[in-house]
2 protein chains.
Amino acid sequence: MAPPKSRVTIKDVAVAAGVSPTTVSDIVNAKGRVDPETRARVLKVVADLGWRPLRSARGLRTGRRGIIALCLPRRPRSGDSWVLTSDYDMRLTIGAVSAAMDQGQLLLMAPTPANDEDVARLEVDGVVLVDPEEGDLSRIALRRNGMPVVTVDRELGSDDPWWVGVDNKAAVSNMLDHLREQGARRVAMLTADSPWAWFEDTQAAYASWCARHGFEKLTALVERANPESTAAAASTVMLSSDAPPDAVITDVYGAALGVLRAARDLRLRIPQDLMIGSAVDGHVLETASPPITALDLQPMDVARAAVLLLERRINGDDNPAPIIVGEGYLRIRTSTQRRDGR
Amino acid sequence: MAPPKSRVTIKDVAVAAGVSPTTVSDIVNAKGRVDPETRARVLKVVADLGWRPLRSARGLRTGRRGIIALCLPRRPRSGDSWVLTSDYDMRLTIGAVSAAMDQGQLLLMAPTPANDEDVARLEVDGVVLVDPEEGDLSRIALRRNGMPVVTVDRELGSDDPWWVGVDNKAAVSNMLDHLREQGARRVAMLTADSPWAWFEDTQAAYASWCARHGFEKLTALVERANPESTAAAASTVMLSSDAPPDAVITDVYGAALGVLRAARDLRLRIPQDLMIGSAVDGHVLETASPPITALDLQPMDVARAAVLLLERRINGDDNPAPIIVGEGYLRIRTSTQRRDGR
DNA sequence: TTGAAAGCGTTACCAA
DNA sequence: TTGGTAACGCTTTCAA
């Protein structure tokens, strides 16, 4: 008896199928120059022997690594590191991992690279960069090192077409329509002052929607690092004024809970006296009492599209175009259901 | 002019340093058979040229991939997938990524493999398996395929010594001591009925602590899938009884908020009428009102230790021993500060 | 203490 | 439509 082979190689497959390794390789890589009959025979042997191409060997030859990185931004609450602090980031991660696996790629979660050294250490074929800020330094480092990048949401002030996102403006507009339909006549917005496309879009959507419907604009700022308490404070001021809003929306994750607290302290009933909507969904909004209406920004869809687009970019596709995945889904919950549901 | 080299290789380094590739390799791999002078010279060239060994090439030769996987369990709330739903998992992830990077490894987040095929597709050198349940199927699949595994927390009913964790019993005991010190005389526990070492340990610690101090045991179960509402219901029953507890601890993530809600509905003051402690910390407990005392189970330390232990196991170390990282840290917050702080 | 040569498993290139 | 051969960058083995 021969000593047991430690691993099935392409050579074993070739011998067993009576073809050359080249042919096997061409078949599994869909090079399309094979006789269907040969193809079927080889694929059967592949399955029987349970062979899978070795990533390292393939990578050595092709120069690819079979790994892409998902770089999440440092969110305000994440403290000492890049982290998954929000449901949005979590679902983004899930979507990216599953899409990558479908492509036969591995997905590496990594801190956003700060310099060339970080980029070199990354050792991946490409990067999905989430929520780049205006003039994003990591993106500059990535570009300088020739690393293919696709961003989730566009970078403010950049015309790079390699990005994926939802139609932020349409999404916010839909939410405002819903509030109006439920009887809101004075809608305030709690937002933040940050160099991100997201905030620009939501603010623009709010402004144009107000103009369109003859609503007064009523805006206040919250700190992203401290959304709940600053939102509570800002809401208290607004709601105690002579002409208080009858609905508040916010585009800052976590701020809606602050509005809720302020309303409760002022003995306002929700949704009768005040409706609340969040432009970013999350589990806490679902379990809040009452549950808060929110926009599901389709993070899993966005992540999947980003991974696929990145794959195209890595493979040298030079026909880029932003991909708008959808308009988000409005998750209508008690906080804005003033009338009976249909 | 020669065409630009696409990548610096070990050969380039060797030529520039006037040695052979073998020598360079031996130096960067600390084989220790080199003249210190040669060594210094070579290392300088390595730095100057910015060379880094290519993972695929090295892997092809050594059979290693330079990647380890972190497999998180399907938490109750995670729905359709393995996810980071808790602060604990998030911090575990951060710790693992950073420890892996320090080891020159990449860390891959992956769903827990369900069968042999999944294990094969994983293509990693080893796996850190978080919170294996009793008779864990994925661990069996991993073992059958010869995949090195280290678990975070031990598997109930298994005597596999390759695990890392904190001293759960000591941690819970410390929390109970603190409550007693603050005046608690009747401490209830909200726990769950699941085949995990964690629950066994916390329940055992609670039981023996009660016996030791002559406290009556007062236990209720909550559903892990629905911790907040089931905890609220169970607490309401307990707190409305003839002999209500004056303190409640729970080892289920999210349950403490339910206790809080029940107490609020019953107009109990916290901590004066009721103290609340959670055996798992999380951001929501910090921002609850009042903030809730909790155990920090040192997830980052645990993850780091797990990665290092896994590395040892992969490298053939056969001198295993469970690693107890610590006793957790008791984060004392308002919910249990009945007396003035020291 | 060092180096030459032989691979590791795969794919690219060119010839048949 | 196929196959032979060389090469990817590194480590290992063995000889000097």
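Heavy atoms only: backbone and side chains are in, while hydrogens, waters and symmetry mates are out. Residue numbers begin at 1 in each chain, while the letters A, B, ... track the order of the sequences.
Judged purely by distance below 3.5 Å, without hydrogens or angles, the side chains of B/Arg304 and B/Ser98 pair a donor atom with an acceptor atom. No side-chain donor-acceptor contact under 3.5 Å links A/Asn115 and A/Arg121.
Contacts between residues 35-47 of chain B and DNA chain C, counted as heavy-atom distances below 4.0 Å, involve B/Asp35, B/Thr38.
If you measure from atom CD of B/Glu123 to atom C1' of C/dG9, you get 13 Å, rounded to the nearest angstrom. Look at CZ on B/Arg65: it is 12 Å from C1' on C/dG9, rounded to the nearest Å. Between the CZ atom of A/Arg7 and the C1' atom of C/dT10 there is a distance of 11 Å, given to the nearest Å. B/Arg55 has its CZ atom 13 Å from the P atom of D/dC10, to the nearest Å. Spacing between atom CG of A/Leu60 and atom P of D/dT11 amounts to 12 Å, rounded to whole angstrom units.
Within the nucleic acid shown, A/Arg52 comes within 4.0 Å of sugar-phosphate atoms alone, with no base atom in reach, counting heavy atoms only.
Residue A/Arg39 places its CZ atom among 12 or fewer non-hydrogen atoms of other residues, nucleotides or ligands, all under 6.0 Å distant.
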Would you tabulate the pairs of protein nitrogen or oxygen atoms and nucleotide nitrogen or oxygen atoms of nucleotides 12-16 of chain D closer than 3.5 angstrom?
{"residue": "D/dT12", "atom": "OP2", "partner": "B/Lys31", "partner atom": "NZ", "Å": "3.2"}
{"residue": "D/dT12", "atom": "O4", "partner": "B/Thr22", "partner atom": "OG1", "Å": "3.2"}

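Counting only heavy atoms from C-beta outward, the side chains of A/Asp160 and A/Arg143 approach each other to under 4.5 Å.
Nearest to the side chain of B/Ser20, among C/dG9, C/dA4, D/dG9, sits C/dA4.
Distances shown here put a side-chain N or O of B/Thr23 below 4.0 Å from the OP1 or OP2 atom of C/dG3.
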